[in-house]
Amino acid sequence: MVTGLVVVDVLVQLPEAVTPNDKHEVRSLNITGGGPAANASATLASLGWKTAHVARIGHDTVSRIARAEMERCGIGRELLIDDPDARPGVAVVQIHPSTGERTVFYNLTGYRFLRRADIPADAIRTAKLVLVDGYEAEAALAVLESAATHGIPSVLDIEAGEPETLLKLLALAGHAILPIEGARRLTGEHRPAEVLRQLARHTRAQLIVTDGTEGSWALTPGGIHHQPALPV
């Protein structure tokens, strides 16, 4: 079971040169589902795992795209909450034509965040794994608390948020993944090894920090393990 931000991404590969106040034809423009937790849902479902996502989804065009993307990826929609006033987030992702670096502009106008009462307790008790993000903070706390009570493995994928809330989430998680910049802001440390050791003071979770092309670092019983990124 997964809960977290549902987004519709518009991915644009920029031309080599951009002239302000002009029009440009682009080589690539794709509209696809997005969001940290929703991407995880899509990956799990695509690998053949029975996956359901909890979120509020409306009836507008953006909502219809989100529902269609979930169906395309095989994500179960039985836990989606039909909310006519809700709208997924929308993001425009600008991709640099030479380096592949991306800049994200996102908007959450109309997004209806989950409350504790929206979380299906029975679905957690019967799940083999729960995964949450930090954007749906109230829901994530409820899911992680229930998972810990029932001994269900949990994964926390967080990017940004109030430090006090993020530390509460970390304390409950079985596994936690953070981008290096967010982890640096949370700990005040800079080097990945020191970031991980500082985070470990707040949680017993398996910790991983990610750094794009620099790969990722994990805190293990044997020390810090660095996994280089694969060239893509």
Side-chain angles (χ1 to χ4, degrees), residues 1-7 9 34-44 53 55 89 91 93-96 99-108 111 113-114 129-145 147-148 152-232:
M1 190 193 87
V2 179
T3 185
L5 201 63
V6 175
V7 181
D9 287 342
N39 283 337
S41 289
T43 301
L44 290 167
H53 196 105
V93 183
Q94 294 184 348
I95 303 169
H96 193 281
T99 66
E101 293 177 327
R102 90 286 189 263
T103 304
V104 181
F105 303 90
Y106 69 93
N107 177 271
L108 297 179
Y111 197 91
F113 288 92
L114 296 167
L129 172 74
V130 296
L131 186 148
V132 301
D133 69 18
Y135 290 101
E136 288 275 13
E138 183 175 334
L141 283 168
V143 171
L144 292 178
E145 288 169 359
I152 308 300
S154 61
V155 176
L156 169 66
D157 183 355
I158 53 177
E159 293 183 329
E162 293 294 329
E164 182 179 354
T165 301
L166 296 183
L167 292 176
K168 286 181 180 179
L169 293 170
L170 278 171
L172 291 165
H175 304 263
I177 306 164
L178 303 85
I180 187 65
E181 289 305 321
R184 283 168 175 160
R185 288 192 295 270
L186 193 57
T187 63
E189 301 289 349
H190 184 77
R191 295 176 58 246
E194 297 308 315
V195 166
L196 286 166
R197 293 189 179 100
Q198 183 68 20
L199 288 173
R201 297 176 59 186
H202 302 280
T203 182
R204 298 178 65 182
Q206 168 64 62
L207 292 166
I208 297 175
V209 293
T210 61
D211 190 15
T213 57
E214 298 302 315
S216 60
W217 286 264
L219 182 61
T220 73
I224 305 299
H225 175 75
H226 178 233
Q227 175 63 51
L230 299 174
V232 294

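Residue indices begin at 1 and follow the sequence shown.
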Margin query: On a heavy-atom basis, which atom in Ala38 and which in Gly34 lie closest, and how many Å separate them?
Written below: CB-O, 3.3 Å
Expected list for residues 132-143: side-chain donor-acceptor pairs under 3.5 angstrom, two or more places apart:
unit_1: Asp133; atom_1: OD1; unit_2: Tyr135; atom_2: N; d: 3.1
unit_1: Asp133; atom_1: OD1; unit_2: Glu136; atom_2: N; d: 3.2
unit_1: Asp133; atom_1: OD2; unit_2: Leu5; atom_2: N; d: 2.7
unit_1: Tyr135; atom_1: OH; unit_2: Glu159; atom_2: OE1; d: 2.4
unit_1: Glu136; atom_1: OE1; unit_2: Leu114; atom_2: N; d: 2.8
unit_1: Glu136; atom_1: OE2; unit_2: Tyr111; atom_2: OH; d: 3.3
unit_1: Glu138; atom_1: OE1; unit_2: Arg115; atom_2: NH1; d: 2.9
unit_1: Glu138; atom_1: OE2; unit_2: Arg116; atom_2: N; d: 3.2

Note to self: Minimum heavy-atom separation for Ala55 and Val6, please, with both atom names.
What the structure shows: CB-CG2, 3.7 Å
Next item on the list: Name all residues meeting the side chain to side chain contact (heavy atoms under 4.5 Å, CB included) criterion together with Thr43; count only those two or more places apart in sequence or in a different chain, and write none if there are none.
Entry: Leu47
Checklist line | Spacing of Glu145 atom CD and Leu169 atom CG [to the nearest 0.5 Å] | finding: 9.0 Å
Next item on the list: Search all heavy atoms of Leu156 against all heavy atoms of Ala173 and return the closest pair with its distance.
Entry: CB-CB, 3.7 Å
Next item on the list: Nearest 0.5 Å please: distance from the NE2 atom of His175 over to the CG atom of Leu129.
Entry: 8.0 Å
Margin query: Suppose we screen for ring-ring contact (aromatic ring centres under 6.0 Å, His included). Which residues come up paired with His226, at least two apart in sequence or across chains?
Written below: Trp217
Item checked: Qualifying salt bridge (charged side-chain N to carboxylate O under 4.0 Å, His left out) pairs with a residue from residues 170-181, counting only residues at least two apart or across chains -> Glu181-Arg184
Next item on the list: Check whether the side chains of Ser41 and His53 place a donor and an acceptor atom closer than 3.5 Å, and report yes or no.
Entry: yes
Checklist line | side-chain hydrogen bond (donor to acceptor under 3.5 Å, both in side chains) against Thr3, all qualifying residues, sequence neighbours excluded | finding: none
Checklist line | Heavy-atom closest pair, residues Gly89 and Leu108 | finding: CA-CD2, 3.8 Å
Margin query: Please determine whether side-chain contact (heavy atoms from CB on, under 4.5 Å) holds for the pair Asn39 and Val7, giving the CA-CA distance in whole Å, both sets of side-chain angles, and the decisive distance to 0.1 Å.
Written below: CA-CA 9 Å; Asn39 283 337; Val7 181; over 6 Å; no
Which pairs of donor and acceptor atoms, one on a side chain in residues 195-215, lie under 3.5 Å apart (sequence neighbours left out)?
unit_1: Arg197; atom_1: NH1; unit_2: Glu194; atom_2: OE2; d: 3.2
unit_1: Gln198; atom_1: OE1; unit_2: Arg201; atom_2: NH1; d: 3.4
unit_1: Thr203; atom_1: OG1; unit_2: Leu170; atom_2: O; d: 2.5
unit_1: Thr203; atom_1: OG1; unit_2: Ala205; atom_2: N; d: 3.0
unit_1: Gln206; atom_1: NE2; unit_2: Leu219; atom_2: O; d: 3.0

